[in-house]
2 protein chains.
Amino acid sequence: MSDKPYVAYETPVQSGRFAAGEDPAKREQILDGAKRVFMTVGFDAASMNDITREAGVSKGTIYVYFDGKDDLFRALMERERGNIARSMQDVLDGQTDAAEGLQRFAAAFAARIMREDTISAMRTMIGVVPRMPKLSKRFFNADSLNVRTVLEDFIRRQVAEDKLAVDDVSMAARQFIDLSTGTFFKLRLFGDLSEAPDQQEIDAVVSAAVRVFMAAYGRKSQ
Amino acid sequence: MSDKPYVAYETPVQSGRFAAGEDPAKREQILDGAKRVFMTVGFDAASMNDITREAGVSKGTIYVYFDGKDDLFRALMERERGNIARSMQDVLDGQTDAAEGLQRFAAAFAARIMREDTISAMRTMIGVVPRMPKLSKRFFNADSLNVRTVLEDFIRRQVAEDKLAVDDVSMAARQFIDLSTGTFFKLRLFGDLSEAPDQQEIDAVVSAAVRVFMAAYGRKSQ
DNA sequence: GAGCAATCGAACCGATCGGTTCGAAAAGGT
DNA sequence: ACCTTTTCGAACCGATCGGTTCGATTGCTC
């Protein structure tokens with residue numbers, strides 16, 4: 001069995017009496033501590049002793065909640081993936097204008113993807129890609145698929161309303177994401193930019209990206 | 001002293017009699033073995049025993065050539081960085097036409113940056129960014145700066161010849177790199193694409209990128 | 001307050017880690 | 001063939017690793 005039976009609660013509530021290994025608050029406490037260690041030094045250099053200290057629990061307790069280091073890491077990355085995906089769900093609600101919608105989408109998306117949490121998680125995941133292909137595939141796929149689907153739907157609506165002329169929606173969506181977030185994202189990932197850029201900087205890059213995108217795909221007749 | 005004195009030779013020549021730790025062929029042998037381990041399992045999970053076996057030398061010999069695991073890793077990443085940078089030096093020699101030059105540049109750049117060597121090295125480096133900020137900064141800066149400089153010069157020349165209309169050359173260069181390589185690069189990095197795409201696939205994506213770029217920056221009068 | 005169970009924390013285990021040591025073997029030069 | 005030096009490879013060292021054990025402490029329920 002690769003995971004302890006875990007009954008999902010929406011939010012950690014006030015601790016009551018739970019069976020051993022079933023307390024959601026204690027589970028979150030362990031994951032929070034583990035996150036601080038894994039995201040700083042990566043999977044291999046993170047020791048269970050360090051995580052024990054950081055989480056403020058007993059090592060034995062960690063092993064009651066998780067099957068081992070691998071399981072703890074997997075649970076953490078799943079949680080982080082869920083958090084990232086959740087934070088990007090409603091970026092394009094209610095948008096009707098092409099350029100404005102794209103601007104809003106990219107500005108929001110860029111801000112989220114540049115956050116320290118997101119960058120750290122991705123870096124840590126990238127570090128173990130060859131050894132944990134399934135976990136990493138799951139981590140990156142779920143995230144990017146969700147966001148790109150949202151953008152693709154938006155582009156299709158704009159095409160249907162004759163505001164954009166796009167043959168290959170999938171490619172256009174990818175191009176726009178790369179145009180609007182590619183540079184800063186790489187700078188963050190590679191450690192060249194140690195803090196997320198402020199909203200003004202993001203907006204400037206996104207505006208330039210929208211301009212390029214609209215030049216290529218925008219309908220000239222307005 | 002952070003490195004053994006090392007006299008650089010251009011190519012490992014036929015071994016003669018070298019002082020201990022000075023044989024370039026032996027040094028390369030160690031680095032090759034180390035590369036195969038580091039690039040597979042990352043810095044921390046790579047053990048000196050594994051590297052000893054993989055390199056086919058004695059552990060004591062490794063310590064004659066390098067000061068320790070950190071030093072060996074640093075030397076390897078420096079070597080790899082140099083190899084990557086060297087492989088991208090003449091991507092834009094002799095190009096005069098804007099669209100054609102961009103197509104050639106991006107096709108060549110994309111092919112190089114998708115290679116397993118490059119991707120592995122980047123992944124391994126990303127995995128230790130927070131712990132080795134100087135080394136990683138050096139690794140990523142030298143590489144991307146060199147290529148972008150080449151592209152920026154090219155764009156400036158096209159602007160001077162009235163073939164492109166670009167206000168911010170630096171941003172335009174970044175946009176083009178992201179447009180033409182961003183998607184596949186991320187897929188490779190995240191492990192979604194386990195092999196480098198073939199030249200045809202690359203060309204298709206690059207062509208679409210050139211079209212978008214020229215739509216935004218190309219001079220209409222031809 | 002009593003009873004029960006979750007958690008604590010210290011000790012333990014076998015394995016592996018990075019790095020060191022040194023006699024034996026191998027390699028190169030004369 | 002001899003001599004010198006480099007390298008080998010096995011053993012060693014103290015430290016740390018992930019995981020296990022278990023009496024003591026704590027917290028919750030009745």
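What you see below is based on every heavy atom in this structure, not just the backbone, and it leaves out hydrogens, waters and symmetry mates. We name chains A, B, ... by the order of the sequence lines, and we start the count at 1 in each one.
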**Message:** So, taking the atom named CG in A:Asp192 and the one named CZ in A:Phe184, what distance separates them when rounded to the nearest 0.5 Å?
**Reply:**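 So the CG of A:Asp192 and the CZ of A:Phe184 are separated by 12.0 Å.
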**Request:** Quick one: pull up CZ in B:Phe66 and CZ in B:Arg27 and give me the separation to the nearest 0.5 Å.
**Result:** 4.0 Å
What is the distance from [atom1] of [X] to [atom2] of [N], rounded to the nearest Å?
X       : N      : atom1 : atom2 : result
A:Lys69 : D:dG18 : NZ    : P     : 4 Å
B:Asp67 : C:dG19 : CG    : P     : 9 Å
B:Tyr63 : D:dT7  : OH    : C1'   : 16 Å
A:Tyr65 : C:dA6  : OH    : C1'   : 8 Å
A:Asp70 : D:dG18 : CG    : C1'   : 10 Å

**Message:** Is there a salt bridge (Lys or Arg N to Asp or Glu O under 4.0 Å) between B:Asp71 and B:Arg74? Walk through the geometry before answering.
**Reply:** CA-CA 5 Å; B:Asp71 187 39; B:Arg74 188 200 54 76; 3.2 Å; yes
**Asked** Using the ring of each side chain (for Trp, its six-membered ring), is B:Phe105 parallel, tilted or perpendicular to B:Phe109, with breaks at 30° and 60°?
**Response**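 Ring orientation, 0 to 90° scale: parallel.
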**Request:** Can you label the angle between the B:Phe190 ring and the A:Phe185 ring as parallel, tilted or perpendicular, going by 30° and 60°?
**Result:**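 Perpendicular, since the angle between the ring planes exceeds 60°.
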**Atom CZ of A:Arg112: over 12 foreign heavy atoms under 6.0 Å** = yes
**Item:** Positions of residues 40-54 of chain B (non-hydrogen atom under 4.0 Å from DNA chain D), listed by number
**Value:** none
**Asked** With the threshold set at 4.0 Å, does a side-chain nitrogen-carboxylate oxygen contact exist between A:Lys35 and A:Asp32?
**Response**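 No, no charged N to carboxylate O under 4.0 Å.
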**Prompt:** Do A:Lys186 and A:Asp178 meet the salt-bridge criterion of a basic N to acidic O distance under 4.0 Å?
**Reply:** no
What does the list of N/O pairs under 3.5 Å between the protein and nucleotides 8-13 of chain C look like, with a distance for each?
{"unit_1": "C:dC8", "atom_1": "OP1", "unit_2": "A:Lys26", "atom_2": "NZ", "d": "3.3"}
{"unit_1": "C:dC8", "atom_1": "OP2", "unit_2": "A:Ser58", "atom_2": "N", "d": "3.0"}
{"unit_1": "C:dC8", "atom_1": "OP2", "unit_2": "A:Thr61", "atom_2": "OG1", "d": "2.4"}
{"unit_1": "C:dG9", "atom_1": "N7", "unit_2": "A:Ser58", "atom_2": "OG", "d": "2.5"}

